[in-house]
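This report concerns only the one structure given below.
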2 protein chains.
Amino acid sequence: MTPDLDRLFQALGDPTRRAIVDRLAEGPASVSRLAEPLCVTVTAVAQHLHVLEQCGVVRTEKVGRVRTASLVPDGLTPVERWARDRRSMLEKRLDRLAEILGEGD
Amino acid sequence: MTPDLDRLFQALGDPTRRAIVDRLAEGPASVSRLAEPLCVTVTAVAQHLHVLEQCGVVRTEKVGRVRTASLVPDGLTPVERWARDRRSMLEKRLDRLAEILGEGD
DNA sequence: CTTATACTGAAGTGTGGACTTCACTAAAGG
DNA sequence: CCTTTAGTGAAGTCCACACTTCAGTATAAG
């Protein structure tokens with residue numbers, strides 16, 4: 001079910017990948033630029049970018065020999081919406097429950 | 001960094017675990033109740049519940065021989081906030097960019 | 001043309017995690 | 001007491017995945 005969310009959550013479960021997203025939130029960057037502050041090879045970063053691209057979080061474009069990565073505007077909204085929906089569902093249920101218990105007075 | 005978010009995102013990256021959360025959003029349930037619609041053993045569900053408990057999404061209580069699981073009210077908010085923060089950061093940056101480009105007219 | 005840079009592809013390694021089975025404990029119910 | 005029900009613990013299997021190295025390719029610079 002919903003392999004999109006699968007890949008999305010799984011992608012964000014990796015600390016290196018979230019660090020990349022954090023960096024890209026401040027602006028586009030090249031592969032080697034992204035690799036600098038992280039303790040991994042450039043190859044690893046390229047692989048991470050591929051994963052993030054696959055699940056719609058990141059977009060990359062290669063010009064010359066430099067590949068520049070940037071965040072996709074609505075790439076994280078599915079995550080946000082999923083969490084928000086569950087929370088509101090739970091809150092509604094708890095409200096109803098509180099109401100029913102309140103009638104006992 | 002932030003092992004909380006690590007475990008949280010990684011936990012939600014598993015479809016079976018998200019299915020459990022979905023089910024619990026409708027109300028508390030026992031281990032075997034949760035296992036019924038899923039194609040896994042009761043043991044697997046118990047293990048999943050342990051994971052979800054570790055990262056603060058689920059709470060369980062055993063009374064008699066039945067363990068009942070329920071959602072923790074704010075268990076998903078770190079995810080929601082993380083995604084929202086990145087989105088708003090990106091949007092602000094794009095707005096500034098658009099403004100600067102707009103001055104070109 | 002030569003050299004340095006920026007990345008890519010393939011292949012291998014090692015670890016973690018999802019899942020199972022099996023044996024077991026404990027509580028309900030007849 | 002005996003049996004069913006509900007879950008637990010340990011151990012093992014299997015696969016995915018993060019990461020590396022190494023050998024390339026293509027572009028930029030001197």
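Here is how names work: the chains are called A, B, and so on, in the same order as the sequence lines, proteins then strands, and each is numbered from 1.
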Base versus backbone protein contacts along nucleotides 24-30 of chain D [heavy-atom cut-off under 4.0 Å; B, S, -]: ---BS--
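- The distance from atom CZ of F9(A) to atom P of dG17(C) is 18 Å, rounded to the nearest whole Å.
- The CG atom of L34(A) sits 14 Å away from the P atom of dC19(D) (whole-angstrom rounding).
- A continuous path of Ile, Leu, Val, Met, Phe, Trp and Tyr side chains, each step under 4.5 Å between heavy atoms, connects V42(B) with L34(B), placing both in one hydrophobic cluster.
- Phosphate contact (OP1/OP2 of dC7(C), side-chain N/O of S32(A), threshold under 4.0 Å): present.
- The nearest whole Å value for the distance from the CD atom in E61(A) to the C1' atom in dA6(C) is 16 Å.
- Between W82(A) and F9(A), the two ring planes are perpendicular [angle over 60°; tilted spans 30° to 60°].
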Under 3.5 Å, N/O pairs linking protein and nucleotides 16-18 of chain D:
residue : atom : partner : partner atom : Å
dA18(D) : OP1  : R17(A)  : NH2          : 2.8
dA18(D) : OP2  : R17(A)  : NH1          : 3.1

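- In this structure, V21(A) is not a member of the same hydrophobic cluster as V51(A), with clusters built from ILVMFWY side-chain heavy atoms closer than 4.5 Å.
- Hydrophobic cluster membership is shared by L24(B) and V40(B), with clusters built from Ile, Leu, Val, Met, Phe, Trp and Tyr side chains linked at under 4.5 angstrom.
- When each of K62(B) and T41(A) is assigned the nucleotide of DNA chain D bearing its nearest heavy atom, the one mapping closer to the 5' terminus is K62(B).
- Under the 4.5 Å side-chain heavy-atom criterion for grouping Ile, Leu, Val, Met, Phe, Trp and Tyr, I20(B) is connected to L5(A) within one hydrophobic cluster.
- Contact annotation for T43(A): base contact, defined as any heavy-atom pair under 4.0 Å involving a base atom.
- With rounding to whole Å, L38(A) atom CG is found 11 Å from dT20(D) atom P.
- Between R87(A) and E80(B), at least one side-chain nitrogen of the basic residue sits less than 4.0 Å from a carboxylate oxygen of the acidic one, meeting the salt-bridge criterion.
- Under the 3.5 Å distance criterion, with hydrogens and angles disregarded, no donor-acceptor pair is assigned to the side chains of E61(A) and T68(A).
- A donor-acceptor distance shorter than 3.5 angstrom exists from the side chain of R18(A) to the backbone of L12(A), with no hydrogens or angles considered.
- Axis orientation changes by 20° from one end of the helix from dC1(C)-dG30(D) to dG30(C)-dC1(D) to the other, with each end axis drawn from 5 pairs and the value rounded to 10°.
- Rounded to whole Å, the distance from NE2 on H50(B) to C1' on dG9(D) is 12 Å.
- Between L101(B) atom CG and L94(B) atom CG the span is 10.5 Å, to the nearest 0.5 Å.
- In this structure, I20(B) places its CD1 atom 11 Å from P of dA18(C), rounding to the nearest Å.
- One finds no side-chain N or O of R67(B) lying less than 4.0 angstrom from the OP1 or OP2 phosphate oxygen of dA6(D).
- The CZ atom of R86(B) sits 10.0 Å away from atom CG of L71(A), with the distance rounded to the nearest 0.5 Å.
- Between L49(B) atom CG and dA6(D) atom P the separation is 16 Å, expressed in whole Å.
- Atom CG of L76(A) is separated from atom CG of L8(A) by 7.0 Å, given to the nearest 0.5 angstrom.
- Of the possible donor and acceptor atoms, one in the side chain of D14(A) sits under 3.5 Å from a partner among the backbone N and O of R17(A).
- Heavy-atom nearest nucleotides on DNA chain D were determined for V42(A) and for T68(B), and the one closer to the 5' end corresponds to T68(B).
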